[in-house]
Amino acid sequence: MEDLSVAGVTEVVIGRGMPTPLLPTRPDRRRVAILTQPAVTPKALEIAASLRSEDLLAKVIGLPDREDAKTLSVAESVYEAFAKFGLSRGDTVIGVGGGTVTDLAGFVAGTWMRGVEVVHIPTTLLGAVDASIGGKSGVNLGGKNLVGVIWHPRLVVVDTDVMEALPAALLREGFAEAFKTGLVGDSELCSLLVSQGVSAPLDDVVRRAIRVKAGIVTRDEREDGERAYLNYGHTIGHAIEYASTLSHGESVGLGMIAASYISEKNHGFDGLEMVVSTIERLGLPTSVDGLDPARVLDLIGHDKKRDGEGLRMVLLREVEDPVLSHVEQSDVELGMATVGL
Ligand SMILES: NC(=O)c1ccc[n+]([C@@H]2O[C@H](COP(=O)([O-])OP(=O)(O)OC[C@H]3O[C@@H](n4cnc5c(N)ncnc54)[C@H](O)[C@@H]3O)[C@@H](O)[C@H]2O)c1
């Protein structure tokens with residue numbers, strides 16, 4: 001097990017299996033509410049049983065799958081379950097699941113009684129390397145994540161056995177975000193993924209990606225500066241995701257290729273080929289067919305990273321050297337063309 005910390009608040013434990021006891025002792029903790037989703041309910045039940053054996057009252061609350069969990073009405077039903085269970089200020093909420101569960105768990109924990117302790121146990125690679133780290137939590141309302149709060153977990157436990165058993169499609173989602181993190185903050189993580197693709201050792205990938213994100217979040221919790229670098233590939237990627245049936249990871253992979261082209265053109269980045277071949281090695285698409293470029297451009301215009309002076313995107317001068325930069329529409333179009341748009 002290796003320990004990392006985020007923003008001086010979160011302890012991150014990465015290892016195989018759950019640490020015993022799972023929760024650090026707190027004399028005022030009596031109850032633990034465990035939020036989970038269908039694919040990992042057995043894991044949540046196991047955790048509940050082990051907490052009960054430590055004389056805690058544990059209740060498992062099932063959430064709907066995927067984005068259906070991230071709504072105000074689900075949050076309301078969870079608050080009602082907390083009230084019935086008697087969850088109070090000194091108690092703990094645990095999120096066991098992918099990023100949708102930890103986002104919702106962080107949100108309800110951060111708002112219930114003005115904030116109770118939350119612990120995340122991510123069960124997807126994307127959850128482990130990204131969603132569970134950094135305190136951003138929330139629900140969707142019209143747009144994604146429009147209602148939320150920054151509420152750091154007290155503890156994040158990543159079980160690499162769970163990561164290794166993930167279906168390939170879920171692994172690719174996480175690898176896309178891990179690669180992004182490597183591009184903005186860890187050239188060795190990039191090298192691992194360049195040379196080994198999806199066979200890269202997950203312990204290393206998770207530890208390195210979390211270390212980068214932890215460092216960035218600790219320095220810039222509220223995204224006033226460098227936290228925005230973690231959006232590399234997301235401006236064009238989000239637009240592709242909304243306009244297509246591609247997954248988030250697939251779309252971000254394409255967004256990273258487009259951003260790398262613009263980085264090469266505007267900042268002399270010399271890693272475009274490396275980015276394309278790594279995306280390919282990770283089993284993610286390097287081009288997309290059948291999308292209307294005008295629609296993608298229009299969606300980019302609605303992206304929240306557009307400010308009054310035009311579009312700003314995260315670009316790379318080199319690996320580990322990101323920059324937030326104004327980009328002309330003609331350059332966005334050239335970037336899009338590199339992925340077939
Ligand atoms: N808070 C943040 O900083 C942050 C960062 C990135 C992403 N996110 C959020 O994370 C969410 C996406 O995360 P995700 O991809 O983990 O989504 P998810 O929670 O929807 O999980 C994806 C699917 O995997 C299943 N699943 C979970 N664990 C599994 C396991 N061990 N084995 C098999 N199946 C399993 C789930 O049931 C679900 O169907 C989005 O809502 C996104 O906005 C948040």
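For ligands, and for the atoms within them, numbers begin at 1 and follow the listed sequence. Being a predicted model, the structure only gives us computed values, none of them experimental.
The nearest heavy-atom contact from the protein to atom 21 (O) of ligand 1 is Thr124 CG2, 3.9 Å. Ranking protein heavy atoms by distance to atom 9 (C) of ligand 1, first place goes to Asp103 OD2, 3.4 Å. Atom 30 (C) of ligand 1 has Leu166 CD2, 3.4 Å as its closest protein atom, hydrogens excluded (heavy atom only). Closest to atom 14 (P) of ligand 1, if we only count protein heavy atoms, is Gly99 N, 3.5 Å. Nearest protein neighbour of atom 4 (C) of ligand 1, counting heavy atoms only, is Ala131 CA, 3.4 Å. Distance from atom 39 (O) of ligand 1 to its nearest protein heavy atom, with residue and atom name: Asp65 OD2, 2.7 Å. Scanning all protein heavy atoms for the shortest distance to atom 31 (N) of ligand 1 gives Thr123 O, 3.0 Å. Protein heavy atom nearest atom 18 (P) of ligand 1, with residue, atom name and distance: Thr100 OG1, 3.5 Å.
Heavy atoms from other residues, nucleotides or ligands lying under 6.0 Å from CG of Asp289 number 12 at most.
Contacts between Glu67 and ligand 1 below 4.0 angstrom, taking non-hydrogen atoms only, involve the side chain exclusively. Residue contacts with ligand 1 for Lys136 involve both N, CA, C or O and side-chain atoms from C-beta outward (heavy atoms, distance under 4.0 Å). Counting heavy atoms under 4.0 Å from ligand 1, residue Leu126 touches it through the side chain alone. With a 4.0 Å cut-off on non-hydrogen atoms, Leu170 touches ligand 1 through its side chain and not its backbone.
Contact check on Arg29 versus Asp91 returns no salt bridge, with no Lys/Arg side-chain nitrogen under 4.0 Å from an Asp/Glu carboxylate oxygen. Salt-bridge formation is not detected for the pair Arg172/Glu250: no Lys NZ or Arg NE/NH1/NH2 atom is positioned less than 4.0 Å from an Asp or Glu carboxylate oxygen.
Contact atoms of ligand 1 toward Val40: 28 (N), 29 (C), 30 (C), 31 (N) (distance under 4.0 Å to a heavy atom of the residue). Near Gly98, with a cut-off below 4.0 Å to any heavy atom, the atoms of ligand 1 are 16 (O), 19 (O). For ligand 1, the atoms lying closer than 4.0 Å to a non-hydrogen atom of Lys70 are 40 (C), 41 (O), 42 (C), 43 (O). Below 4.0 Å from some heavy atom of Lys213 lie the following atoms of ligand 1, by number and element: 3 (O).
Ligand 1 does not have His120 within reach: every non-hydrogen atom of the residue lies 4.0 Å or more from it.
When only modelled atom types and interatomic distance are considered, Glu117 and Thr92 share a side-chain donor-acceptor pair under 3.5 Å.
Neither Val118 nor Val13 shares a network with the other; the hydrophobic side chains, linked directly or stepwise wherever heavy atoms of I, L, V, M, F, W or Y lie under 4.5 Å apart, form separate groups for each. Under a hydrophobic clustering in which Ile, Leu, Val, Met, Phe, Trp and Tyr are joined whenever their side-chain heavy atoms come within less than 4.5 Å, directly or via other members, Val101 and Val60 fall into different clusters.
Between Val101 and ligand 1, not a single N/O pair is under 3.5 Å apart. Taking distance alone, with nitrogen or oxygen atoms compared against 3.5 Å, Arg227 stays at or beyond that limit from ligand 1.
Taking the six-membered ring where tryptophan is involved, the planes of Tyr79 and Phe107 are tilted, since the angle between them lies from 30° to 60°. Note: His238 and Tyr242 have parallel aromatic rings, judged against thresholds of 30 and 60 degrees for the angle between ring planes.
Nearest residue to atom 43 (O) of ligand 1 from Lys144, Glu173, His234 is Lys144 (criterion: closest heavy atom).
Nearest approach of Gly335 to Ala258, heavy atoms of both residues: O-CB, 3.4 Å. Closest approach of Ile34 to Ala58, counting heavy atoms only: CD1-CB, 4.5 Å.
Between His234 and His248, the distance from one ring center to the other falls under 6.0 angstrom.
A side-chain contact (heavy atoms from CB on, under 4.5 Å) with Ile236 holds for exactly one of Val339, Val332, Val252; it is Val332.
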